Amino acid sequence: MNRSIFPEVYPPRANLCPLLVFNSFDDDNINNTVFNFVDPMHNDKYSMKKDLHSELLAGASIRFSKYGWLLLISKDMKTPFFYNPFTNVIIRLPDFPDPGHKLFLSGMSFSSSPTSPHCVVFAIQPGKDNRISIYAIKRGSCDWKYLVLHNCDDSFVPCLNNPVFFRTGFFCLDYSGTLGCCVANDDDKNNNGLDWAVYGDPIKQFDDAFPSYLVECDGDLLLLNVGTIGETVGVFRLDWTNEVWVKVESLGKHMLFISNTSSFSAIAPPNSQMENKVNFPRLHKDGRSVLFYSLDTGRYHYSIRTRAQQNSVDAATNFYYTKEMCNCTWIEPDWSQMSTPTDEDGVGWLS
């Protein structure tokens with residue numbers, strides 16, 4: 001059982017710190033590992049060995065993570081599927097409709113746990129001739145809803161990062177800070193049940209040369225903007241009334257976990273000293289710790305804490321001497337789905 005890869009410090013309980021997980025199939029794989037995990041709070045590292053799902057996982061790309069589940073897409077870029085590495089449960093989704101060209105998604109997301117009857121999966125893809133393709137599928141459906149948008153004025157160019165399900169829709173970010181939103185409904189007569197809107201020019205605020213990330217935090221929609229090689233970090237909250245991004249000075253007891261595939265917030269565990277920090281999918285060059293940015297100090301840090309050294313922290317000024325992990329995301333450990341059946345064919349998606 002995969003849970004055995006983690007020591008007993010990880011029984012099923014609340015307030016677990018999210019883990020950085022990255023796929024191991026691209027490595028030499030001397031130890032037969034599928035995924036590696038890093039705990040940013042204690043710098044513990046874990047590995048998951050090959051199992052009966054290894055053939056499907058081989059070469060698959062991690063696209064999103066939430067509620068303890070990974071959303072991946074197969075090596076041939078056709079079959080998306082959910083995988084819970086803590087319970088070894090897998091749920092296949094129907095293949096994407098054939099768009100007539102190679103699928104290159106800029107982002108994927110889902111609204112709720114894959115076992116929820118209300119779960120919706122969403123994907124967006126920039127295309128040629130100023131076109132944008134959006135896809136959505138709800139649990140119980142056998143087919144994807146599919147819509148091609150004609151972005152004639154080039155007003156929205158999707159970022160290579162994850163959309164965020166917020167309130168009733170999937171919010172997507174473009175390179176200048178503009179927001180697009182897709183709402184999937186049951187009315188297939190209009191736009192195949194997919195309503196798309198782009199928020200106006202006042203939201204455009206950032207240079208498209210720098211990466212930005214969307215994240216929901218305590219009922220707000222936040223944007224994290226990072227400068228060249230990480231020299232600047234800004235956190236902004238969306239003012240819905242005026243449609244502008246407002247600078248955030250403190251996250252309070254929250255901590256952020258940022259990556260191109262999944263960004264989310266969590267309340268810092270008691271006495272963890274992780275509040276008001278932004279965790280990046282980067283390890284120190286020697287692999288010993290996760291890089292984080294503190295809004296208290298206005299600087300980057302990487303902790304060299306062990307269970308015997310609780311307060312040893314070094315500072316950094318940018319991304320130099322760090323390595324961004326490829327095919328990675330953040331995941332919240334969850335062993336609560338032990339009895340969930342698999343749906344190997346994807347037909348009906350556990351309907």
Side-chain angles (χ1 to χ4, degrees), residues 1-3 5-6 10 12-25 34-39 46 48 51-54 56-58 60-74 79-96 105 107-123 135-141 144 161-166 170 184 215-216 257-266 281 325 327-346 348-351:
M1 186 170 64
N2 288 339
R3 183 179 163 189
I5 64 173
F6 296 101
Y10 282 108
R13 57 185 173 85
N15 294 326
L16 291 177
C17 183
L19 306 175
L20 179 64
V21 54
F22 49 98
N23 193 296
S24 302
F25 271 112
V34 179
F35 292 109
N36 290 319
F37 301 81
V38 179
D39 176 357
Y46 313 101
M48 191 187 81
D51 62 11
L52 71 163
H53 297 308
S54 296
L56 180 62
L57 292 170
S61 301
I62 301 173
R63 300 314 309 260
F64 190 65
S65 172
K66 201 171 184 181
Y67 307 109
W69 291 85
L70 296 174
L71 176 60
L72 303 99
I73 189 167
S74 59
T79 306
F81 60 97
F82 293 109
Y83 180 60
N84 187 323
F86 306 100
T87 63
N88 203 25
V89 172
I90 195 165
I91 302 173
R92 294 198 195 199
L93 302 180
D95 287 356
F96 277 105
L105 301 174
M108 291 188 72
S109 182
F110 55 90
S111 61
S112 52
S113 172
T115 59
S116 165
H118 307 292
C119 182
V120 177
V121 181
F122 171 81
Y135 307 82
I137 187 170
K138 185 177 181 180
R139 181 179 166 182
S141 299
W144 288 82
N161 58 30
N162 68 280
V164 171
F165 184 76
F166 185 73
F170 291 92
V215 56
E216 188 275 333
F257 297 85
I258 302 300
S259 72
N260 285 331
T261 51
S262 188
S263 298
F264 54 84
S265 64
M325 307 311 296
N327 201 12
C328 71
T329 194
W330 294 96
I331 189 169
E332 302 160 290
D334 184 3
W335 286 274
S336 65
Q337 306 293 336
M338 294 299 293
S339 61
T340 303
T342 60
D343 188 17
E344 292 293 347
D345 296 327
W349 185 8
L350 295 178
S351 59

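This one's a predicted model, so the numbers in the text were calculated from it and none came from an experiment.
Atoms OH and CG, from Tyr83 and Leu72 in turn, are 9.5 Å apart once rounded to the nearest 0.5 Å. Atom CZ of Phe257 is separated from atom OG of Ser263 by 11.0 Å, given to the nearest 0.5 angstrom. We find the NZ-OG distance between Lys138 and Ser116 to be 9.0 Å, quoted to the nearest 0.5 Å. Distance CG/Asn84 to CD1/Ile331: 6.5 Å, rounded to 0.5 Å. We find the OH-OG1 distance between Tyr67 and Thr115 to be 10.5 Å, quoted to the nearest 0.5 Å.
Ser65 contributes no side-chain N or O that, together with a main-chain N or O of Leu70, makes up a donor-acceptor pair within less than 3.5 Å. Between the side chain of Asp334 and the backbone N or O of Phe86 there is no donor-acceptor pair closer than 3.5 Å. A donor-acceptor pair under 3.5 Å links the side-chain atoms of Trp330 to the main chain of Ile258, judged by distance alone. Proximity of a side-chain donor or acceptor of Ser111 to a complementary backbone N or O of Val120 within less than 3.5 Å is detected. Within the 3.5 Å criterion, the main-chain N or O of Ser259 finds no donor-acceptor partner in the side chain of Thr329. Of the possible donor and acceptor atoms, one in the side chain of Asn327 sits under 3.5 Å from a partner among the backbone N and O of Ile62. For the pair Arg63 (side chain) and Leu105 (backbone), a donor-acceptor distance under 3.5 Å is present.
A parallel orientation is assigned to the rings of Phe170 and Phe122, their planes being inclined by less than 30° (bins at 30° and 60°).
Considering only heavy atoms from C-beta on, Phe82 comes within 4.5 Å of Val121 through its side chain. Counting heavy atoms from C-beta on, the side chains of Pro333 and Phe37 never come closer than 4.5 Å. Side-chain contact between Pro94 and Trp144: present, with at least one pair of heavy atoms (C-beta onward) separated by less than 4.5 Å.
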* Asked: When you look at Ser109 and Val164, which way does the side-chain contact (heavy atoms from CB on, under 4.5 Å) test go after all the steps?
  -> CA-CA 7 Å; Ser109 182; Val164 171; 6.0 Å; no

* Apply side-chain contact (heavy atoms from CB on, under 4.5 Å) to the pair Met325 and Asn36, showing each step before the final yes or no. => CA-CA 11 Å; Met325 307 311 296; Asn36 290 319; over 6 Å; no

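What you find for Gly68 and Pro85 is that their closest heavy atoms are O-CD, 4.0 Å. Taking both residues in full, the closest heavy atoms of Ala136 and Ala184 are given as CB-CB, 4.2 Å, listed atom of the first, atom of the second, then distance. Across all non-hydrogen atoms, the minimal contact from Ile73 to Phe81 is C-CE2, 4.3 Å. A pairwise comparison of heavy atoms in Glu216 and Ser265 identifies O-OG, 2.9 Å as the closest pair.
Applying the side-chain hydrogen bond (donor to acceptor under 3.5 Å, both in side chains) criterion to Thr79, with sequence neighbours excluded, gives Asp95. A search for ring-ring contact (aromatic ring centres under 6.0 Å, His included) contacts involving Phe64 returns Phe110, not counting sequence neighbours.
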